[in-house]
2 protein chains.
Amino acid sequence: MKPTVHDIARSAGVSLATVDRVLNGRPGVRRVTRQRVEGAIAELGYVRDVAAANLAKSRTYAFTFILPANDNSFMIGLGDEVRGAIARSSLERMAVRIVNVPPFDPAALVAALDTVVLERPAGVAFVAIDTPDVRAAVQRVAAAGIPIVTLVSDLPEAARDHYVGIDNIAAGRTAGSLMGRFLGGGDATVAVLSGSMLVRDHRERLEGFATVVREQFPGLAILPVLEGRDDPALAEALVMQVLEDNPQIAGIYSLGAGNRGLIQALRKVSMTRRAMVIAHELTAYTRAALADGTIDAVLNQDAGHEVRSAIRVLKAKADGLPVIAAQERIRIDIFLKDNLP
Amino acid sequence: MKPTVHDIARSAGVSLATVDRVLNGRPGVRRVTRQRVEGAIAELGYVRDVAAANLAKSRTYAFTFILPANDNSFMIGLGDEVRGAIARSSLERMAVRIVNVPPFDPAALVAALDTVVLERPAGVAFVAIDTPDVRAAVQRVAAAGIPIVTLVSDLPEAARDHYVGIDNIAAGRTAGSLMGRFLGGGDATVAVLSGSMLVRDHRERLEGFATVVREQFPGLAILPVLEGRDDPALAEALVMQVLEDNPQIAGIYSLGAGNRGLIQALRKVSMTRRAMVIAHELTAYTRAALADGTIDAVLNQDAGHEVRSAIRVLKAKADGLPVIAAQERIRIDIFLKDNLP
DNA sequence: CAGTTTTTGAGGTACGTAAATCAGAAATTC
DNA sequence: GAATTTCTGATTTACGTACCTCAAAAACTG
């Protein structure tokens, strides 16, 4: 049988109360006694029954998700997934809350993080913006002892506990490799549409893409990066313009979430030879475009998996349990029209 | 606050004991009383606290995994993942057990399933073989009220509760699409190496592959399928032979688990132009071959995800809870050398 | 050594459910 | 209407942990 607190007490020759004091870090235990108890815990291989503990505490995990109020399908989908988790959350003793912030706005994110410190939830997940003040705010949240998970876009050197999202450099490399192979390896011109170079995920994708192109497909020329701020109208205008100015474009890599604008532009502009298009995030728009051949490949991160992973990780951190690294690795899905789910 | 059994009792005007009788299907409750209690449950939106219930029952979930004692990397990896889950299982009130059976042996699988009926675990997961007697055995397990999950290979029309594995037709289609695009769309000859056409997943992969080639890449000619029985030596010999007989081969699709032999053959035979190679399952061998350029793409199913998914599904079934379909869909991973994890 | 502080023990209640017992009420049968 | 059977209520214990109180023991202080 699994050892319980009673077994620890008996084995260490102390009372239940003392075991409880040691287990929960309460004061009033001599150093030697504490060590005796800890020895018994280690010897018997005791692990706290988290379910029973939560029952006794009648604990509910309060988690806060800070999400940018972006008008793109991916962020909307991410919000939907969090709301889906909220619907299931009461079953798991969780109270998940969403806080919306303006997109690409470091000051607003900092304010939201500072509010979190006051509310002291059991954990926070947020889509990071990579600036020094955000980093400092994260440091304050961490100092308050609140577990932190970055979602979709990371903040590597900051005090976050875990990053839930894809390896964006690998994603960019994959896009570069597919682009090079699909284009057949000759000379060609490629355009890149990003959201903002302020967020790390977009920067990293570009970096991976450019690296592979440089190393493996030197015949490809990459045009200056377009920053569409993940805004449909702006992205459409930028793509229309670049296609007009560079009719020789053979490939487009859309590494942000401005796909609605991109697709509209592609459908408006008539090209002599259709460009090879690789985009990120499978949404209703990119799915349709993939199905009808406007887009050739979509790299995707599964928002549902990310949200569930973030919650699992936050819960584990709140309980002081280890996370299963392999389970929490978010994979890069590659969709062609032939493997659409 | 979440309603408890006490709230139900009060609201229905009955005692706790009666609520318990209704909730757990115990006899001795009049039809009208039962309906009154069920009405209160529905009205208050009561959901049983599974953690508390399991604590009270001091329940442990006994799950049995029936795995073929194959010596290929994938099945070995699958077994490792189950053993990994066993290591964590006591934390979650689970007792997972592995039963090994000889590979491709329907009679042995039937015997294992019938043993399961006697042991009455809380759930079974097994790698299906598609024969009538296995189907009948599954029916007997289901009749005993034991939740059943098929793993990796399905048994669609049988009484299983859930299938944990990839969509093999979509996997084959994806391989066909990548092959067609990587080869540039012109005329070319492609070889296919399978394990056995008697195995359902291999048949489905071939079907998907051939369909896409026929529809989208009519310039590709597919040579007669090689059956390597997932045996390294046989696969190597077959590949050597086919390359010798058809020096014009531009692509090879390996849809089974005979990759070790394939890779050895590719390294021995010197070709004027290297063939495009697409294989299944990321193992130490295929990973190395992908890294050094012998293989161009690997389609993978994540064994760890499959095992964890199977356990989650079995647990949900045992608790009478719904499964989150999106969470349990096993995805087809596509690996190029640029996105190796 | 008396007085003070710190440490420890013993015991209880609670969390939400399961499962059991036993007595009493209600419905059914003869 | 008495005897029997079928329901129902009241109460208790248990699961493993958290958290509280009170008293007693042990360790320090001066």
Side-chain angles (χ1 to χ4, degrees), chain A residues 1-41 44-61 90-95 122 318-321, chain B residues 1-41 44-61 90-95 122 318-321:
Chain A
M1 277 316 286
K2 257 180 58 180
T4 73
V5 279
H6 296 86
D7 302 318
I8 304 301
R10 200 166 343 103
S11 166
V14 301
S15 78
L16 222 58
T18 302
V19 175
D20 181 68
R21 289 180 184 115
V22 172
L23 274 176
N24 295 293
R26 278 185 257 277
V29 184
R30 253 187 316 168
R31 178 182 217 92
V32 280
T33 314
R34 159 161 281 125
Q35 282 170 350
R36 198 140 46 88
V37 173
E38 279 163 354
I41 289 174
L44 298 184
Y46 167 82
V47 268
R48 188 197 304 254
D49 184 323
V50 179
N54 288 342
L55 179 61
K57 276 193 280 210
S58 33
R59 158 174 210 165
T60 51
Y61 301 82
S90 67
L91 287 178
E92 324 254 348
R93 301 196 136 71
M94 298 187 309
D319 287 332
L321 295 174
Chain B
M1 278 317 284
K2 258 181 58 183
T4 73
V5 278
H6 296 87
D7 301 319
I8 303 300
R10 202 166 344 105
S11 166
V14 301
S15 77
L16 221 58
T18 303
V19 175
D20 181 68
R21 289 179 185 117
V22 172
L23 275 176
N24 295 292
R26 280 185 256 278
V29 184
R30 253 186 315 167
R31 179 183 217 89
V32 281
T33 314
R34 159 161 282 125
Q35 282 170 349
R36 199 141 44 89
V37 173
E38 279 163 354
I41 289 174
L44 298 185
Y46 168 81
V47 268
R48 189 197 303 254
D49 184 323
V50 179
N54 288 341
L55 178 61
K57 277 192 279 210
S58 31
R59 160 175 207 164
T60 51
Y61 301 83
S90 67
L91 287 177
E92 324 255 347
R93 303 193 130 73
M94 298 187 309
D319 286 334
L321 295 175

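Residue numbering restarts at 1 for every chain, and letters A, B, ... go by the order of the sequence lines. Given the structure is predicted, the values throughout are model-derived calculations rather than measurements.
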C:dA10 OP1/OP2 closer than 4.0 Å to side-chain N/O of A:Ser15
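Indeed not, no polar side-chain atom of A:Ser15 lies that close.
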What are the two closest heavy atoms between B:Ala318 and B:Ala122, and how far apart are they?
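What the structure gives for the nearest pair is CB-O, 3.9 Å.
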Partners meeting side-chain hydrogen bond (donor to acceptor under 3.5 Å, both in side chains) with [X] (sequence neighbours left out):
{"X": "B:Arg26", "answer": "B:Asp20"}
{"X": "A:Arg21", "answer": "none"}
{"X": "B:Arg36", "answer": "none"}

In chain order, what residues pass the salt bridge (Lys or Arg N to Asp or Glu O under 4.0 Å) check against [X], with sequence neighbours excluded?
{"X": "B:Arg48", "answer": "none"}
{"X": "A:Glu92", "answer": "A:Lys315"}
{"X": "B:Arg59", "answer": "B:Asp319"}

So if I take residues 22-32 of chain A and measure heavy-atom distances to DNA chain D, which residues fall below 4.0 Å?
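Per residue number, the list reads A:Asn24, A:Arg26, A:Arg30.
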Any base atoms under 4.0 Å from B:Val14, or only sugar-phosphate, or nothing? Heavy atoms, all strands.
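Sugar-phosphate only.
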What residues form a side chain to side chain contact (heavy atoms under 4.5 Å, CB included) with A:Ser15, not counting sequence neighbours?
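For A:Ser15 the side chain to side chain contact (heavy atoms under 4.5 Å, CB included) partners, ignoring immediate neighbours, are A:Ala17, A:Thr18.
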Identify all pairs in which a protein N or O lies below 3.5 Å from an N or O of nucleotides 12-16 of chain C, and state each distance.
residue, atom, partner, partner atom, Å
C:dC15, O2, A:Leu55, O, 3.3
C:dC15, O2, A:Ala56, N, 3.0
C:dG16, N2, B:Ala52, O, 3.2

Reading DNA chain D in the 5' to 3' direction, which nucleotide is the first one with an atom under 4.0 Å from a heavy atom of chain B, and which is the last?
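With heavy atoms of chain B under 4.0 Å away, the range is D:dC7 to D:dG16.
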A:Tyr61: which residues meet the ring pair (Phe, Tyr, Trp, His ring centres under 6.0 Å) condition with it, sequence neighbours left out?
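Applying ring pair (Phe, Tyr, Trp, His ring centres under 6.0 Å) to A:Tyr61 gives A:Phe63.
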Return all side-chain donor-acceptor pairs below 3.5 angstrom for residues 5-14 of chain B, not counting sequence neighbours, or 'none' if the list is empty.
residue, atom, partner, partner atom, Å
B:Asp7, OD1, B:Arg10, NH2, 3.1
B:Asp7, OD2, B:Thr4, N, 2.8

Starting at atom CZ of A:Arg21, determine the distance to atom C1' of C:dG9, rounded to an integer number of angstrom.
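After rounding, the reported distance stands at 8 Å.
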